[in-house]
Number of protein chains: 2
Amino acid sequence: MKTKAQHDEDTVEQGPLGTRERIVRTASRLMQRQGYEASGVKQISQEAGATLGSLYHFFPGGKQQLAAEAIRHGDREFADILGEMLDSRPDPAGAIDDCAVALAEGLHASAWLDGCPVTATALGAAGHLPDIQRAAAEAFQRWRELVYEKLRGAGIAEDEARELASTVISTLEGAEMAAQVARSEEPLRAAGRQLARLINSYR
Amino acid sequence: MKTKAQHDEDTVEQGPLGTRERIVRTASRLMQRQGYEASGVKQISQEAGATLGSLYHFFPGGKQQLAAEAIRHGDREFADILGEMLDSRPDPAGAIDDCAVALAEGLHASAWLDGCPVTATALGAAGHLPDIQRAAAEAFQRWRELVYEKLRGAGIAEDEARELASTVISTLEGAEMAAQVARSEEPLRAAGRQLARLINSYR
DNA sequence: GTCTATAAAGGGATAGAC
DNA sequence: GTCTATCCCTTTATAGAC
């Protein structure tokens, strides 16, 4: 016999989500598109199909607590995708280029609305909302580490791999923002090609 | 005999600024730090030493018009700095690395508050405030062109210079955001070194 | 051009019935 | 856990005296 929680953990990803999870996902998506300040708790609860009372039941810390959880959700979401892309081919340069192209196509498909799930929220909170800033810093750090391990596995030395991984994430972040603002895939496609060249220069 | 406007144009940059200019500069600085939504018109007028009536006198289009002008101000401000840095030494790789270091030190000196003067505002407006998005797109385009010309002057071919310039701006943007969130100069310093290496690989 | 006051709407958060 | 109603505050924007 399983408890409900155990059943939910086993469930791969489909089926009716719990209220708390629906709220987190809705908050993550809205803040990704609009940023922290522009995403109201009323809007979030409405679009999540929950009531304001439920939102404050699960998140007594209010909007700040919810935003921090939303960032952690976006963190895991992107880390999963990045991990899969990196595992899908042996050479790191090609994998990163694939990643940039996938980001470009995904952004285009969303009508240039869905940029990085962390950036917009983090920038609105930088400097005066420590919990949110910390969650964002941890997300970037995790993504850098995924790239770092891939580069190490390809035989690149520690110091070089660390600096290179940092630059790969920075460039993808910046290019995604540039692509979103320009409403064009080009900045991301260019970044992918240039990052591949840079990585290959270490072989 | 000169009109007041002609005198102001001649004045290099000091002295008491006009009300309109004070409002634009204050809006630019506040939105750079807090984003579009978090920067209220009351706060802007207060910190600019103006009244709300004056703000709406000069900007009948309200907050949106003011934000677009603030972005154009930040655009010119950064373009001037970037242009000077690029002119200060002949090799583009070293100039870009200098630029990254200068950004890192400036960001650190502002207690990690002053990131890119365009990013925060643009992200909050992407998708539903066309005037602001257009101003941001024009800013990025101008900065890319400055780098492009520098690379062309160093003998890099058109197509390569275009893609490289795009990536340089994307990487600096992304690294500045990463540095701000991590409260560390390292992402920008790493980006500067890696961009220099990438640029030198074209010689 | 500048100022104050105010309108009209929306924000985050809470209380208490169910 | 869920729902509704409401409090209190701030927001953008306007009106009209000076």
Worksheet entry | Rounded distance (Å) that lies between atom C1' of C/dA5 and atom NZ of B/Lys42 | 10 Å

Item to complete: May I have the distance from B/Phe58 (atom CZ) to C/dC3 (atom C1'), rounded to whole angstrom?
Response: 14 Å

Discussion item. With a cut-off of less than 4.0 Å, is there a side-chain N or O of A/Ser54 near OP1 or OP2 of D/dG1?
Written reply: no

Item to complete: Using distance alone, with no hydrogens and no angle criterion, decide if A/Ser54 and A/Thr51 have a side-chain donor and acceptor under 3.5 Å apart.
Response: yes

Discussion item. If I take atom CG in residue B/Leu66 and atom C1' in nucleotide D/dT12, what distance separates them, rounded to the nearest angstrom?
Written reply: 12 Å

Discussion item. Any base atoms under 4.0 Å from B/Ser39, or only sugar-phosphate, or nothing? Heavy atoms, all strands.
Written reply: sugar-phosphate

Practice prompt. For B/Gln43 and D/dT12, give me the distance from atom CD to atom P, rounded to whole Å.
Written response: 9 Å

Worksheet item: So, is B/Thr19 near the phosphate of C/dT2, with a side-chain N or O under 4.0 Å from OP1 or OP2?
Response: yes

Worksheet, complete the sentence: Among the nucleotides C/dG12, C/dG1, D/dT4, whichever has the atom closest to the side chain of B/His57 is C/dG1

Fill in: Upstream residue (5' side of DNA chain C) when A/Gly53 and A/Val41 are each assigned their closest nucleotide
A/Val41

Discussion item. Rounded to whole Å, please give me the gap between CZ in B/Phe59 and C1' in D/dT12.
Written reply: 16 Å

Item to complete: Please report, rounded to the nearest Å, how far the P atom of D/dG16 is from the OH atom of B/Tyr56.
Response: 17 Å

Item to complete: Please determine which of A/Ile96, A/Leu195, A/Leu198 meets the side-chain contact (heavy atoms from CB on, under 4.5 Å) test together with A/Thr171.
Response: A/Leu195

Worksheet item: Cut-off 3.5 Å, side chains only: do B/Gln141 and B/Arg144 have a donor facing an acceptor?
Response: yes

Item to complete: Take atom CG of B/Leu55 and atom P of C/dA5, then tell me their distance rounded to the nearest Å.
Response: 19 Å

Worksheet, complete the sentence: Between NZ of A/Lys63 and C1' of C/dG12 the distance, given in whole Å, is 8 Å

Fill in: Option passing salt bridge (charged side-chain N to carboxylate O under 4.0 Å, His left out) with B/Glu47 (candidates B/Lys42, B/Arg29, B/Arg33)
B/Arg29

